[in-house]
Structures are given as structure tokens and as C-alpha cells.
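Working notes for the structure below.
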Protein chains: 2
Amino acid sequence: MNRPDILSSGEPEIDAITAQCFVRFEEAFGTRGFAWDVQAQIMSLGKAVEIGKGQSATIFSDEDSLVFLAEGACKLVAWAALDRAQVLSFHFAGDLVSVPARAEHEYGLIALTPSQILSFPTRRFLQAVNEESKLLVELHRRTDAALAECRNDSVGLGRKTAQERVARLLMQMAGRIGVASDNEVLIELPMSRGDIADSLGLTIETVSRQFGELRDAGLIETGGRSGVRVLDPEALLQRAGPTGPHA
Amino acid sequence: MNRPDILSSGEPEIDAITAQCFVRFEEAFGTRGFAWDVQAQIMSLGKAVEIGKGQSATIFSDEDSLVFLAEGACKLVAWAALDRAQVLSFHFAGDLVSVPARAEHEYGLIALTPSQILSFPTRRFLQAVNEESKLLVELHRRTDAALAECRNDSVGLGRKTAQERVARLLMQMAGRIGVASDNEVLIELPMSRGDIADSLGLTIETVSRQFGELRDAGLIETGGRSGVRVLDPEALLQRAGPTGPHA
DNA sequence: CGTGGGTTTGAGTAAGGTCAAAGTTAGTGG
DNA sequence: CCACTAACTTTGACCTTACTCAAACCCACG
């Protein structure tokens with residue numbers, strides 16, 4: 001997919017993807033009111049691209065990146081080894097994802113559905129917005145929320161049974177991308193069983209068996225590969241296990 | 001070890017713990033150069049306390065807190081249930097810990113050794129330092145690092161064997177609090193086998209057995225409950241498992 | 001309609017959990 | 001300073017859960 005220069009002589013030509021990504025970004029972070037030069041810096045740092053299903057979104061290979069997901073759904077993956085992937089999180093439109101260049105493991109942000117993303121090199125981005133403390137506070141808020149989320153997931157990975165993990169993921173997805181209709185929730189899962197397994201620290205087979213058990217128990221119905229109808233959210237939440245030390 | 005008041009006479013009396021905590025905090029975050037009123041606000045928001053082994057450090061019960069660990073060692077714990085604790089991280093002097101008031105699980109910061117901590121209510125702290133973008137950037141940097149760390153741990157929880165988990169933890173502790181001496185590292189573990197088990201998603205017995213295996217293999221020696229001598233760091237790192245997809 | 005990747009199901013296995021008991025360690029008080 | 005004790009740790013036997021390997025199945029795509 002070719003992209004025309006986003007900066008060019010005369011009036012800057014901007015392609016549709018770039019334009020749309022920045023509009024969404026401005027909406028999410030309220031950068032519209034920023035000083036002119038800060039806005040210009042942000043625009044020159046951000047690279048907008050469209051990526052197809054299964055494609056990786058790593059842009060800045062030797063630098064930490066900050067990726068804004070304008071449209072679509074992605075998974076953040078770390079590899080413990082070539083054959084041991086761990087899905088760290090699923091992301092949807094509006095999310096800001098912090099992607100390390102390379103830490104103890106190699107990371108990748110991979111599209112589950114065709115997605116539009118806007119990538120910034122973290123360090124230079126922070127320098128650019130250095131004086132816009134509102135954005136810094138929002139950035140901290142989101143990172144802190146991601147940390148809290150990651151910690152919640154840690155509890156799941158360390159201390160929950162296969163069924164509790166699957167039930168919890170379904171409830172999370174119900175809340176994130178589910179469509180409610182009188183005490184039922186319809187979910188269209190953008191990720192495969194393999195992705196779910198990799199995110200829960202299980203195998204494909206175990207995930208499948210848990211789907212089966214939940215179906216046999218009458219808590220969910222499945223339609224095709226990606227359709228899930230939660231028939232009894234209450235009971236499903238029960239199976240996700242306890243959520244605190246309250247008794 | 002006593003320190004005189006850092007605010008001159010006529011001002012409110014400040015106890016030794018508070019004084020020492022703030023001195024350490026200033027050193028770590030360079031708040032010395034801040035505007036007078038910002039410094040005053042920070043000081044009025046921070047509660048310094050000394051907590052003994054096993055004591056919990058939760059100060060602001062219904063608000064997210066930001067806890068600076070001035071001295072000692074602590075564990076951050078979440079409870080999946082009364083009998084299912086997950087240790088999310090271990091912390092040492094100089095660390096800043098983000099403690100949610102209450103999310104999906106209940107959290108607690110608990111002292112492993114007598115510790116001095118300085119707690120801030122996150123929201124009001126952010127308001128106070130709103131204009132000091134250097135501190136905001138540093139805050140973001142630390143939170144982002146904690147997130148990266150949490151994600152690395154997720155890989156461990158989801159995709160590593162018991163032995164890999166234990167070996168990795170020992171290497172982490174070697175790097176964090178170990179004392180090196182010609183190709184050996186001495187570690188004085190501040191946490192119990194139970195804490196280690198809870199942080200790795202294992203049982204006490206399994207952790208103990210892995211210590212045994214590593215000892216039998218000649219990679220480590222143990223002395224008493226807390227002493228560990230890493231005889232062969234190379235080999236121990238090997239047992240921690242692969243660290244990326246590089247073949 | 002095929003075809004191939006994803007999914008489900010089944011049988012056997014292994015890693016780690018559970019239960020129980022013995023052995024240490026590091027305080028505590030005499 | 002030593003004996004005592006309670007908590008922590010180690011070890012052993014057995015069991016459960018989830019993994020592995022394998023085959024059948026079924027969507028979704030061309």
C-alpha cells in the first residue's frame with residue numbers, strides 16, 4: 001500500500017488514513033487547543049498506517065513506541081520463545097498502547113481485524129508534549145490504568161483455573177465489545193481460540209473444552225467461530241471466580 | 001540517625017520519619033527546585049509512616065495511592081480470594097508504587113522488613129504537580145517501566161515452567177539486591193517461600209522443590225531461610241528459559 | 001462445492017497441586 | 001546463654017488439572 005508524503009512542498013498533502021487517525025487522536029486527547037508548534041511536532045512524529053489481519057504494527061524497531069489504535073482490533077504479544085507466545089492484552093479503537101522496543105522479550109502489536117494505527121516514538125513524543133501537562137496527566141492516567149489491568153490479569157494467570165480464566169475473558173469482552181439485549185449479551189470475538197489460549201496461559205484444546213463446558217451448562221451459546229451469546233451473565237460471572245477477599 | 005527539622009522553627013514540627021522520607025523523595029524526584037507552593041502542597045499531601053514486618057501500608061482506603069518506599073522492602077499483593085493471594089511485585093528503597101484503592105481485587109502493600117513509606121492520594125497529587133511537567137514525565141516513565149515489568153512477569157506466569165519461574169526470580173533478585181563477588185552472587189531474600197510462591201503462581205512446596213533441584217544441580221547454595229549464594233549465574237540464567245524468539 | 005485453517009473431541013501423560021509428616025530456623029523468655 | 005516453641009521449610013506419597021498427541025469435524029473462503 002503506497003502512501004504519499006505526509007509533508008510536501010506548498011500545502012502539506014495528507015492521505016485519508018493519516019487524516020482520520022489524527023482526527024481520532026485529537027478527539028481522544030484534546031490536542032486541538034495546543035500551541036501550534038507542539039501540534040506540528042506531534043504530527044511530524046506520528047506515522048499513520050493501515051494494517052491487515054495478522055500484520056504486525058511495529059514501526060520504530062529500536063525505540064519504544066506509543067501506538068494509538070484509531071480503528072480496528074489488535075493484540076499485544078510477547079514471545080517467551082518462538083513457539084511460546086503470550087498475548088498480553090487485546091485492544092480496540094481509541095486505545096493507546098505502550099509497546100517496548102525490546103525488553104526481556106520481543107513484543108509485537110498485531111492486527112486481529114484490519115486496523116488503522118498511529119505510532120509515535122515515545123521518547124521524542126514526551127519531549128514534544130513536555131509543556132502540555134494536561135496531556136501528560138492523561139498519559140499517566142492511561143498508563144496507570146493499563147498497569148492496573150495488567151495486574152488484574154496477573155491474578156488470573158497465577159491463581160485461577162482454566163474455567164475461571166475463560167469465563168473472566170468472556171465477561172471482559174462482553175463489557176468491552178458486547179451488545180446487550182435483555183439480560184443477554186452478544187459478542188463477536190475478533191480473536192481466535194489460539195489468541196485466547198495465548199492470552200490466558202492455556203492451550204487451544206483447553207480453551208475449546210471450557211467453551212464446551214460453558215455451552216453444556218447453558219451459560220453461553222456459540223455461533224460459528226466468533227459468535228458468542230452470553231445467556232446468563234450472572235452465572236458466567238460466578239464461574240469467573242471470586243473477585244476479592246470479602247469472605 | 002536523627003535529622004533536624006527541614007523547615008525552620010516557627011513552622012509545624014516534623015517528626016524524624018517524615019523528614020527522612022521527604023529528603024529521600026526529593027533526592028529521587030528532584031522536587032527541590034519546585035515552586036514554593038507546590039512543594040508545600042506535596043508536603044501536606046504526603047503521609048509518612050514506619051511499618052513493621054507483615055504490616056499493611058494502605059493509608060488512603062477509598063482512593064488510589066502513590067506510595068514512595070523510602071526504606072525497607074515490601075510486597076504488593078492482590079487477593080483473588082481469602083486464600084488465594086497473588087504477589088504482584090516486590091519493592092525496595094527508592095521505588096514508587098501505584099496502589100489501586102480497589103479494582104477487581106483488593107490490594108495491599110505489605111512490609112517484608114521494617115519500612116518507611118510516604119503515601120500520596122494519587123488524584124490530588126497529580127493536581128498539585130500539574131504544572132511541574134518534569135515530575136509528570138518522570139512519573140510516566142516509572143509507571144511505564146512498571147507496566148513493562150508487569151508484562152514481562154505475565155509471560156512468566158503464562159508460559160514458563162516452575163523451574164524457569166524460580167530461576168528467573170532468583171536472577172531478578174540477584175540483580176536487584178544481590179552482592180556480587182567474583183562470578184558469584186550473594187542474596188539475602190527478604191521474602192518467604194510463601195511470598196515467592198504467591199508471586200510466581202506456584203505453591204510453597206513446588207518452590208521448595210525447585211530450590212532443592214537447583215541446589216542439587218550445584219547452581220545455588222542456601223544458607224538458613226533467606227540466604228542464597230548463586231554459584232553459577234550463567235547456568236541459572238539458562239534455566240530461567242529463553243528470553244525471546246531468536247531461534 | 002471443495003479445500004484448508006481453525007475448532008472440537010478423545011485418550012494418555014506429566015507437571016504441579018494437595019495432604020501429611022518430619023525437620024529447621026529464628027525468635028522468646030527463663 | 002540456653003532451652004523452648006511457633007512458624008517456616010523440606011520431603012514424601014498420591015491426585016488432579018491441564019498438556020500432548022492424534023484424529024475427526026466444520027466453518028469460511030475461494
Side-chain angles (χ1 to χ4, degrees), chain A residues 52-54 75 80-81 83-87 110 112-114 156-167 169-170 188-217 220-228 239 241, chain B residues 52-54 75 80-81 83-87 110 112-114 156-167 169-170 188-217 220-228 239 241:
Chain A
K53 190 170 175 171
K75 59 178 175 181
D83 58 340
R84 289 199 286 179
Q86 175 70 39
V87 172
I110 296 174
L112 298 167
T113 65
L157 288 172
R159 289 281 174 256
K160 280 180 182 287
T161 65
Q163 181 147 137
E164 288 172 334
R165 298 182 202 199
V166 171
L169 180 116
L170 285 175
E188 197 68 21
L189 295 173
M191 72 290 284
S192 69
R193 298 285 185 277
D195 291 328
I196 294 174
D198 284 345
S199 83
L200 300 178
L202 301 170
T203 59
I204 293 178
E205 295 94 323
T206 299
V207 170
S208 181
R209 277 185 253 271
Q210 295 309 327
F211 268 79
E213 277 193 32
L214 293 174
R215 191 174 340 101
D216 294 347
I220 63 170
E221 270 175 13
T222 53
R225 267 163 199 174
S226 59
V228 175
R239 301 232 179 179
Chain B
K53 191 170 174 171
K75 58 178 174 181
D83 57 340
R84 288 200 286 178
Q86 175 70 37
V87 171
I110 296 175
L112 297 168
T113 64
L157 288 172
R159 290 279 175 254
K160 280 180 183 288
T161 65
Q163 182 147 134
E164 288 172 334
R165 298 183 202 197
V166 171
L169 180 117
L170 285 174
E188 197 69 20
L189 295 173
M191 73 290 285
S192 69
R193 298 285 184 277
D195 290 328
I196 294 174
D198 284 344
S199 82
L200 301 177
L202 300 170
T203 58
I204 292 178
E205 294 93 325
T206 298
V207 170
S208 182
R209 278 185 253 269
Q210 295 308 327
F211 268 80
E213 277 194 33
L214 294 174
R215 192 175 338 102
D216 294 347
I220 63 170
E221 270 175 14
T222 54
R225 270 165 197 172
S226 59
V228 176
R239 301 232 179 180

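To find a chain, count down the sequence lines: A is the first, B the second, and so on, and within it residues start at 1.
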Between [X] ([atom1]) and [N] ([atom2]), how many Å, whole number?
X        : N      : atom1 : atom2 : answer
B/Ile204 : C/dT18 : CD1   : C1'   : 12 Å
A/Leu157 : D/dA18 : CG    : C1'   : 15 Å
B/Lys160 : C/dA15 : NZ    : C1'   : 16 Å
A/Leu189 : D/dA28 : CG    : C1'   : 16 Å
A/Phe211 : D/dC25 : CZ    : C1'   : 18 Å
A/Glu213 : C/dT9  : CD    : P     : 11 Å
B/Lys53  : C/dT25 : NZ    : C1'   : 11 Å
B/Asp198 : D/dT9  : CG    : P     : 12 Å

Using a 4.5 Å cut-off on heavy atoms from C-beta on, say whether the side chain of [Y] contacts that of [X].
X        : Y        : answer
A/Gln163 : A/Glu213 : yes
B/Leu200 : B/Thr206 : no
B/Lys75  : B/Asp198 : no
B/Arg225 : B/Leu189 : no
B/Val207 : B/Arg165 : no

Test for a donor-acceptor pair under 3.5 Å between the base of [N] and the side chain of [X], counting only N and O atoms.
X        : N      : answer
A/Arg193 : C/dG5  : no
A/Arg209 : C/dG10 : yes
A/Arg215 : C/dT9  : no

> B/Leu202 has a side chain; which of D/dG12, C/dG6, C/dG17 sits nearest to it?
Replying inline: C/dG17
>> Strictly below 4.0 Å: does A/Arg225 bring a side-chain N or O up to OP1 or OP2 of D/dC26?
In response: no
>> Quick check on D/dA18: is either OP1 or OP2 less than 4.0 Å from any side-chain nitrogen or oxygen of A/Thr203?
In response: no
> Between A/Ser192 and B/Gln210, which has a closest nucleotide on DNA chain C that is more 5'?
Replying inline: A/Ser192
> Taking for each residue the nucleotide of DNA chain C with the nearest heavy atom, is it A/Gly194 or B/Glu205 whose nucleotide lies nearer the 5' end?
Replying inline: A/Gly194
>> Please classify the nucleic acid contact of A/Gly201 as base, sugar-phosphate, or nothing, using heavy-atom distances under 4.0 Å.
In response: sugar-phosphate
>> On DNA chain D, compare the nucleotides closest to B/Arg159 and B/Thr206; which residue's is nearer the 5' end?
In response: B/Thr206
